[in-house]
Each structure stands twice: as C-alpha cells, then as structure tokens.
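Letters A, B, ... are given to chains in the order of the sequence lines, protein chains preceding strands, and every chain is numbered from 1. The figures here come from the full heavy-atom set of this structure, side chains too, leaving out hydrogens, waters and symmetry mates.
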Amino acid sequence: MPRICSPSFPRNESHHSPCHTMRWSNLLIPTLKEDPAEAEAASHRLMIRSGMVRQLAAGIYCYLPLGQRVLDRINTIIREEMNRIGGQEITLPALHPAELWQQTGRWDEIGEEMFRLKDRGKRDMCLGMTHEEVITWLAVKEIRSYREMPQIWYQIQVKFRDEARPKSGVLRTREFHMKDSYSLDADEEGLGRSYEFHKEAYARIFGRCGLKFYLVESDPGMMGGAGSHEFMAPSPAGEDEVVLCTSCGYAANIELASSKSPAPTFPPWSSLEELATPGTRSIEEVSNFLQIDPRLILKTLMVMTGEGPLLCLLRGDQLLDEKKLQRLVGPFRPAHRDEMKEIAGVEVGFLSPLGLELPRLADETVAEGVYVAGANREGYHVRGVVPGKHFSARYADIHHVQSGETCLQCGASLAVEPVIEVGNIFKLGTRYSTPFGAVYLDEKGQEHPIVMGSYGIGPARIAAAAIEQSHDQDGIIWPMSISPFPVHLLAVNVKDETMRTVGDELYRQFVAAGVEVLYDDRDERAGVKFKDADLLGIPYRVTVGSRAIREGQVEIRNRRTREDALVPIAETVPHVQALLTETEGS
RNA sequence: CGGGGCGUAGCGCAGCCUGGUAGCGCACUUGGUUCGGGACCAAGGGGUCGCCGGUUCAAAUCCGGCCGCCCCGACCA
C-alpha cells in the first residue's frame, strides 16, 4: 500500500516538504536500550540496537529505514565506480529454470545450498545463488563479434543460498544483496584488463566506504579459472583469515597461504632409542614428559582417502591444513580410533611411520632434522628418527600457517588476521562460455569462446564491516560516506518554546540547503536522545539546548572525537556544510 | 550435518530441581511532578509459558516427540 500524500500525513511536517520527512517523531527508528540476546558480533548488536535491521528468520533480514539508507549510500558508491570503468547496470531474474544450471553441471554439483522449487507445471526451478549462467545465456544470444567486446555488465540484486549455518547478523545470510559484475572479453589479455579495472574500482569502492581492507590472493575454488583475489576487511568478527607479511607485502587467504616454520636447534641424537612414555598421547603431554621442545616431535595423523589410509606427518607445533591436503589427495576424513587400531595396530598417540607399510605424506618442514616419533607400541616413543633415513615419504606443503612463522618470499615474520570477505574477483576464463557455446567470431572469421570474469561485492557486508571497524562502547561511528545521514539535529527539550522554534528553523534551513538531516524532535528526555544519537553514530550532531541557546549558539559535536564547537545559530548551516565538504570521503 | 545452549508480555530475564494455573526490570497507556547524558510518583493494558502428546485430582514445572533460534565445528561455487 503506497503512502498517500494527504493533509494529515506526515503528521508534523510543514508545508515545505509535504511528502518527505526526516523528523524522528515520524520515522521508524526502533532503537533498543539493551543488547538483543542472540547477537554476538558488534555489528550485529549495533545494527539491531540502532534499528537498522530486524531478523525474520535464520539468515533472513528486514532492512528498516536507517539500514536502507546505509545500503543506498553504499550502492551509490558502487554504481559510480562501476560506471566509471564502463560497467552497465542490468537487472536479472532471481528465479531460474533448472536447465540453465544443468547446462554447466552445477545443478547436480551444488547440493543443499541451492534453494530449489517446482513451478505449477512441475518444472524444476531454483533461486539464483549467483548469475554466471544467466549472463552466459545472455552473451550467447547477444554477442556475435569481437567488435562487441569488451562488455562489463553488473547487477545489484538479491541472491539466495541455503547456508548450513547463517551467522553474525548480516554477515552470513541466506538471502542477501550482492553486486555482481561480469566481464566478457575476446581473449586472456582482454580479461586481464577487465580484471585490473575491477581491482582498481574495488579498491576505490572500499576506500570510499571508509573501510580498512587488504587485497589478498585467494583460492579460486569451484568457480574455476585462472586467478582470483579477495578484498578482506580486518575484523574479529570475520570468518576468514589472511596471512600478511608486513615486510614484503605478501598477502593471501590462509587457505592457500604458505609459510616456513622456523627450525629448532636439533640435539645430537645419533641413534634410534626407544623411550617409555606411559600415558602421553598428545604432543603437549609427550613434550612435557620428555622435557623437550614440541618442535622436536613428529606428529603422525592417519586419514582415510579415496585410495585408503594415508599417514600425514607434521612437526609437533604444526596443524594440518585440511584444504591443502584435500587439494593434494581429494576428499578425506580423519581415521576413526578403531580403524587406526586395526590398520596400524596401535592406539592413538603412539602412531608412527616407522615400520608401517602405508603411504606417507609429510610436510616439507619435516625433511630436515631429527625427531621423537611414536613407536607404534603403546606407551613408547622413539628418539633419533631421521626422515629420509628411517622412513621415506612424499613431501608437500600441508601445514596450516600460524602467526609467527616466516615469509617464504622475504623471511620476515608473518601475521594471521581474521577478516570479513567484502569482495572477490575471479578470472573465469571459458568455464561457462564453453558449455553454453558462448562464442564470437574474430577478425579472421574464426570462432572462439568468450573469455569471462566475475566480480562480487556484498553491500551489507560493507556496512557490517564498517561498524566492526568503527564503533565504541556507546554505538556506531559511521564514516561520512556511508552514514545514513550526515547530520543529526537534536532539540534537547521540545517543550521549551525557544529550543523548539530554533530546532524547527534549523531543520527547515538544512532541508532548504539540501543537507539530509535527521531531526530528533521527539518529546523525550535529553539523556535518551543523546544516548540514541551516540548509538546511531551520525558523524555530526547539532545540539539545540539551553546552555548555548542563551548566547544565541548551538553545539556541533563530532561523534568520533566527541569534540564540541559552539557556533552562532545563524551560521549553523554554512558551518556544517563546510565541515561536510572537509569530511567528504572519510 | 555433528556438538552445546536457549525458547515464559514488544525487549532483557526470574520461576522449573522440590507440580497447586505466572512474576521482575525496561518499553507501552493515563494523570501529576521533572527537563543537558537512558527521571520520579500513582493508576493501568498486555502472556494459549514454542508446538503436539503423555503422567497426574492438578503441568510453565515431570516424561516423550517435534519445531524454532543462538554458539562451536564441518560446509561456504
């Protein structure tokens, strides 16, 4: 039901803007005094408390006016930067026929994560998780010649993924808005250009949104293709981790990052010696019992692969990186306790490569040195084990990077940091164009598949990441560029005739000057309004209160610094406008 | 999907162990006082205690099943 302009609506609005109000007393901004029980992450807590969003079901959110404003501002920045690199905005269906996804095989590859349904004619349909298929279909229909490329098409739309575990508020949802763009080029070189354009546009977008972010190498995963990067906003609420070298700039998603584990000083153990180590199963227990550095212990894990059992060897302080192992040996799972006993004849904790005729895969780190290993006999370990001499193995990088290890490129110390993935860019190549037959003719009349790229941004994640990176005990501190309003006008006591009049007049002036201002004209006590102002986190607060008004002044407070400036009432609007110009883009 | 927790008024919670048909704070309504950092007094409105079944004279409370939400892990094109 659309809002109708009528004399009775908006209720408190003057005749200057009959159908538009930025008066709090007329707006839906349901702030909460207390933290909602279900919210853990700072951004989740604050988005609910500030009345930006409400949850309808697990991973399904309503955006209320304040949240909508933030998304609008983010999307405006995205559109400006996408248009700047030649992107053209389009709108694509959210509902897709199954045949589209069957054509690339993803209908069967993707499991429960895809929302599927049938139409009344019992035809299989799905809700789009992403739009490579639709874009490629469109390219098949419309692109014939090399002359028609390059193209960059983008959309900002809702997408669906039936996430196994929606979490952290708006950070991981089942229905989400996403800016996706797709590039179509004649060859790899063209794709390289489109990719670089996107890399630059994305850096500008996240920069303009006030985010601190890293550009890191990423695992292309099932998207396939020649290369990919992710844009990562550091935050403790992030689900991903990146590995960073502060010295040479190496930056990668931890899923594919590599590192060197600094070697310990190896003792002069010259022969194999069996040691009684009763009851010591974990590395920590063995290390404590024998009073030796965990790095001198060999960790032996048994996993079950498609080819059968496999022993994985790591140094005591290292963790197995399951992604890396999976890339090497395919799907696997840890061996069960009884399986291990049956295959190796030994209890967990005393497993070792010595004398066991099983395939072995060792981390490269282990190739050097002399170690304590399990004895394949309960209650015993063996000292003096030299890999290569006492057992053989295939060597590869299978350890999970940990903070404090060193950079392979420059040797400096690496840091591991949790991050929110706010954007990704993929070189798709011809993975989608080939199955669809999306081809063009080159200048010699030769047919070639179109070379594609795909590039995503999550606007809601930008908002959440901005809050994660910029808040304090009292609430959000918005970057000016994506704040729901640039200015928060607050009349301390609307029952006071003078304050009310000055507040109304300043509001009118701001509106007339084209400055979007949230005017808190509610009949609430000052404390309530100040607390709410801090919670919403609008960069500048203009306070009309008894203190300054006697001197004909108002206070202008900076939310971030909490510094107040006294300004004559008549100069308020120009003064604020000057501040806004100054703060632009920050 | 594995592990854990929680579901009682709009929100945050107590009551459950030891059955006797529901309570606190905030919010909301009305009146009064107050009025620059989440006011006070008084009077009110609001709940099939997630759902279904069982035990019992009697169930928010005990038992069984189901559903939902959150957290950890797996997964995440």
Side-chain angles (χ1 to χ4, degrees), chain A residues 30-41 44-45 48-49 51 54-61 101 104-114 126 128-133 159-169 171-174 176 178 180 218-225 228 230 237-240 253 255 322-323 326 331-334 336 421 424 426 428 431-432 454 456 458 461 473-475 490-500 503 520 522-535 541 543-550 554-555 557 562 564:
Chain A
T31 57
L32 262 33
K33 197 180 283 190
E34 287 172 283
D35 277 335
E38 73 275 9
E40 202 100 323
H44 189 195
R45 261 177 30 233
I48 292 175
R49 281 195 56 200
R54 287 294 183 261
Q55 189 189 73
L56 175 64
I60 305 179
Y61 281 83
W101 290 75
T104 51
R106 290 164 110 192
W107 179 264
D108 295 314
E109 276 171 34
I110 298 170
E112 292 180 302
E113 206 172 333
M114 183 188 266
C126 67
M129 309 173 63
T130 174
H131 284 76
E132 281 81 13
E133 276 81 358
K159 313 214 176 197
F160 300 87
R161 279 179 207 176
D162 194 358
E163 293 285 352
R165 183 148 99 83
K167 59 181 285 198
S168 306
L171 279 180
R172 187 170 203 76
T173 56
R174 298 194 292 170
F176 55 99
M178 196 154 161
D180 260 341
S218 75
D219 179 3
M222 301 257 315
M223 286 289 259
S228 62
E230 287 163 326
E239 311 179 77
D240 289 302
N253 190 309
E255 290 175 5
E322 300 186 358
K323 295 270 180 185
Q326 186 163 349
F332 73 92
R333 61 169 174 81
H336 299 308
E421 180 188 348
N424 54 47
F426 289 100
L428 295 177
R431 161 159 182 162
Y432 294 90
S454 129
R461 283 188 172 184
Q473 287 245 306
D474 295 315
L490 191 156
V492 168
N493 184 354
V494 293
K495 284 191 202 134
D496 178 282
E497 190 63 31
T498 319
M499 286 186 234
R500 169 105 219 173
D520 191 349
R522 292 175 301 167
D523 180 12
E524 289 286 354
R525 294 176 63 85
V528 172
K529 295 184 173 191
F530 289 141
K531 288 290 182 189
D532 273 344
D534 288 345
L535 181 60
R541 187 185 84 194
T543 309
V544 180
S546 56
R547 281 181 198 160
I549 211 165
R550 289 188 217 103
V554 297
E555 292 160 23
R557 171 176 284 222
R562 293 179 183 276
D564 277 314

Side chain to side chain donor-acceptor pair (under 3.5 Å) against [X], all qualifying residues, sequence neighbours excluded:
X       : value
E163(A) : R172(A)
E421(A) : N424(A)
Q55(A)  : Y61(A)
D240(A) : none

Considering every strand and a 4.0 Å limit on heavy-atom distances, what is the contact class for E133(A): base, sugar-phosphate, or nothing? nothing
Touch check for A533(A), heavy atoms < 4.0 angstrom, all strands: base, sugar-phosphate only, or nothing? nothing
With C1' as the reference atom in both, quote the distance from G64(B) to C70(B) in angstrom, rounded to an integer. 25 Å
Using atom P in both nucleotides, what's the gap between U34(B) and C71(B) to the nearest angstrom? 47 Å
Using the test salt bridge (Lys or Arg N to Asp or Glu O under 4.0 Å), find all partners of R525(A) that sit at least two apart in sequence or belong to another chain. none
All salt bridge (Lys or Arg N to Asp or Glu O under 4.0 Å) counterparts of R547(A), not counting sequence neighbours: none
Output all residues satisfying ring-ring contact (aromatic ring centres under 6.0 Å, His included) with H131(A), sequence neighbours left out; order by chain, then residue number. H96(A)
Nucleic acid footprint by protein, nucleotides 37-42 of chain B - heavy-atom cut-off 4.0 Å, B for base, S for sugar-phosphate alone: BBB---
Positive for side chain to side chain contact (heavy atoms under 4.5 Å, CB included) with R522(A), one of D532(A), L490(A), V494(A): D532(A)
Under-3.5 Å N/O pairs linking protein and nucleotides 70-74 of chain B:
residue, atom, partner, partner atom, Å
C70(B), OP1, Q55(A), NE2, 2.9
C70(B), O3', E38(A), O, 3.4
C72(B), OP2, R165(A), NH1, 3.2
C72(B), OP2, R165(A), NH2, 2.8

Taking any strand in view, what nucleotide pairs with G68(B) in a Watson-Crick or G-U wobble way, both distances under 3.5 Å? C6(B)
